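Heads up: the structure comes next, in structure tokens.
Within every chain, numbering begins at 1; the chains are lettered A, B, ... in the order of the sequence lines, protein sequences first and strands thereafter. Everything quoted here is computed from the prediction, not taken from an experiment.
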2 protein chains.
Amino acid sequence: MVTLAEVAQRAQVTAATVSNVLRNPQKVKPTTVERVMAAVRELGYRPNLTARALAEGRTSTLALMLSNISNPFYPEFVLEAETAARRRGYFLLVCNTDDNPAIARAYLDKIAGTLAAGVIVMNTDVSAGELADIAQRGSALVLCMWESAQATRALPCVTVDYTHAGGLAAAHLYELGHRRIGALLGEGSGGPQSVRLRGFVEALAARGVAADAVKVHACRDSIEAGYDAARALLSEQPKLTALFATNDLMAIGAIQAAADIGKRVPQDLSVIGLTNIHLAHQFRPALTTVGFPTAAIASIAVALTIDRIEGIKPKRDAYKVPLAELVIRDTTAPAPKASRRK
Amino acid sequence: MVTLAEVAQRAQVTAATVSNVLRNPQKVKPTTVERVMAAVRELGYRPNLTARALAEGRTSTLALMLSNISNPFYPEFVLEAETAARRRGYFLLVCNTDDNPAIARAYLDKIAGTLAAGVIVMNTDVSAGELADIAQRGSALVLCMWESAQATRALPCVTVDYTHAGGLAAAHLYELGHRRIGALLGEGSGGPQSVRLRGFVEALAARGVAADAVKVHACRDSIEAGYDAARALLSEQPKLTALFATNDLMAIGAIQAAADIGKRVPQDLSVIGLTNIHLAHQFRPALTTVGFPTAAIASIAVALTIDRIEGIKPKRDAYKVPLAELVIRDTTAPAPKASRRK
DNA sequence: CTGAAAGCGCTAACAC
DNA sequence: GTGTTAGCGCTTTCAG
């Protein structure tokens, strides 16, 4: 491995000068710069980022902690986060906790502040309180996509307006004439996605649909679980004309369940999801859903984390990205005539 | 940040002893161990992995370079690789090249041998020759899932037997009576997936189906591209009774295309994919496919990389994981009677 | 504008 | 068993 010292020797200067050439070339005489750069090229010198990190007292690595990357939302998020990080000269360490708080803690304990200068923590089973302690010790932690975290200036949270997102779904179904509506409440890591559901129920209530008219079934956040839950819910409540799922995976499972019990989507049953993962438009019928601005969330989370690393104080506790938008595709339609109230 | 020296001072020993307690406790007197551990606990000491890496001359980080993590095969792979790495005390840096060789080179240049002790390089647009040069410089590079790389002892490759995988698909369709067969040839990063196709065509040839009877259409490796390609192929060749896609995404697109032009799958058209991503069984109709042993591939690639980092020489150039297996689901059926030859 | 020197936090010989 | 010492490769004052 070629070191700074070797480059320095070859260019007839000291290591300090080489370092300057590489970092603040304007502070060095042009002819020297040229000589040093020549040596760098000839020797094929590449800075040792580990040594640099030690000397600077901070690494150029960010960690992204998530519960399970095989949930398709995360790869989409990782892609955006990695791109944002790369643009600012940072690398991204992926920490998959496998829904296991012990793994999450072990990761945090090992990397926060040493291997990774900052950590973006997606919804996990580690409590925000515990994370706040770690943040207190000086690590740049940023929560992301937590549905109900008590964000503080020391532990800010980047998220979307889940209530609003749920409300958009409600408004859409209401306007299509649906009144007998079921809901699948997802339970990912970090607890149930109940804010989304609350937003949904409240928006219906505001339109005169009683909250207890919404039949809710809880399940894990996956296609398979959504399938099972929808089957159960639809057999208990055969008159439902629409189903809201707090995330797209469950909505897709619900569509499959409907097909298997002979209900056509959207003619007999409308289904709407939340998130707008790629699969939502790739699946058939293409899923109507409320889209999250994934790229924006990721890049804000990355930017906020880097700002904290670099000592820039956050201006707010929570960063709500409000741009959830309704994406109408092929799984929602007007409520069947027979069931309409008005 | 609490340092070794502070722990040492508190425990009335030197830094070297603390280091020993943490790394080779059996070499230290039990009472000392206890005293040191107490100090560690009281101070909340956590080793600085950057400093350790610099001192040891190597990091405990692996990089995984892939073209685009939003292709659902990769998250599944990342999950397995990360788990395997974690078990051996390594962290995983995800390097997404966005199908851009310049990004790949930049990553390699920056991290190989400095930030990451080893790099697993998935199929990319950077040539194996170029990678071999980098490997020569001493970085632990391991190729993974390359379809046609000239693996060497200095640059080994972990992969599956693509020919065999293609052959399994061919045998299945043949046994169902299909003779008019189309193929979608995927073009991911790193070139066309032609070994899979060759295996498919050769296996058919071995059964007496002429190679030029297989109508091939090339396209990108995605659901959308598979959809377009299948539509085009099926309209050119309306008598096809079966379609082989060199990967599952394209197969899923093909199923959607068939539906849109009024062909029922599998009654009118059988479709078989390759890889067995999660989506293959989540999709409806559930996709018949040839499965890759993703977990095995990932863990072998990780193990091989770590072995190289730790100085253990690879025994072979190429590691072919031969366990591709046929997974029969709902998209393949006997060829329609009208079209059967025998 | 460049060089000298100290030090980031830890490890690893080698003494004692 | 434990301490001493010398780095790992780089950055960063501070002199000159």
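- Atom CG of A/Leu49 is separated from atom P of D/dC10 by 9 Å (rounded to the nearest Å).
- Ion pairing between B/Lys29 and B/Glu34 fails under the 4.0 Å rule for side-chain N and carboxylate O.
- Distances were taken from every side-chain heavy atom of B/Leu54 (C-beta onward) to each of D/dC8, D/dT2, D/dT11; the shortest belongs to D/dC8.
- Along DNA chain D, the nucleotide nearest to B/Thr32 and the one nearest to A/Ala5 differ in position, and the one closer to the 5' end is contacted by B/Thr32.
- The distance from atom CD of B/Glu56 to atom P of D/dG9 is 14 Å, rounded to the nearest whole Å.
- Side-chain N/O atoms of A/Arg52 include none lying less than 4.0 angstrom from OP1 or OP2 on D/dG9.
- Looking at A/Asp125 and A/Arg105, no side-chain N of the basic residue comes within less than 4.0 Å of a carboxylate O on the acidic one, giving no salt bridge.
- In this entry the distance linking CG of A/Asn48 with C1' of D/dC8 reads 9 Å, nearest Å.
- At D/dT11, one or more side-chain N or O atoms of A/Ser19 fall inside 4.0 Å of OP1 or OP2 (strictly under the cut-off).
- In this structure, A/Glu6 places its CD atom 8 Å from P of D/dG9, rounding to the nearest Å.
- Residue A/Asn24 contributes atom CG, which lies 8 Å from atom P of D/dT12 at whole-angstrom precision.
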Practice item. Apply ring pair (Phe, Tyr, Trp, His ring centres under 6.0 Å) to the pair A/Phe292 and A/Phe77, showing each step before the final yes or no. Key: CA-CA 11 Å; A/Phe292 286 169; A/Phe77 190 91; over 10 Å; no

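- Ion pairing between a basic and an acidic side chain is recognised when a charged N comes within 4.0 Å of a carboxylate O; A/Glu82 and A/Arg87 show no such pairing.
- Within the nucleic acid shown, A/Thr3 comes within 4.0 Å of sugar-phosphate atoms alone, with no base atom in reach, counting heavy atoms only.
- First and last contacts of DNA chain C with chain A, using any nucleotide atom under 4.0 Å from a protein heavy atom and ordered 5' to 3', fall at C/dC1 to C/dG9.
- When rounded to the nearest whole Å, the span between CG of A/Leu22 and P of D/dT12 equals 12 Å.
- Look at NZ on A/Lys27: it is 10 Å from P on D/dT12, rounded to the nearest Å.
- The number of heavy atoms from other shown groups lying within 6.0 Å of CZ (B/Arg153) is above 12.
- Rounded to whole angstrom, the span from the CG atom of B/Leu4 across to the P atom of D/dT4 amounts to 15 Å.
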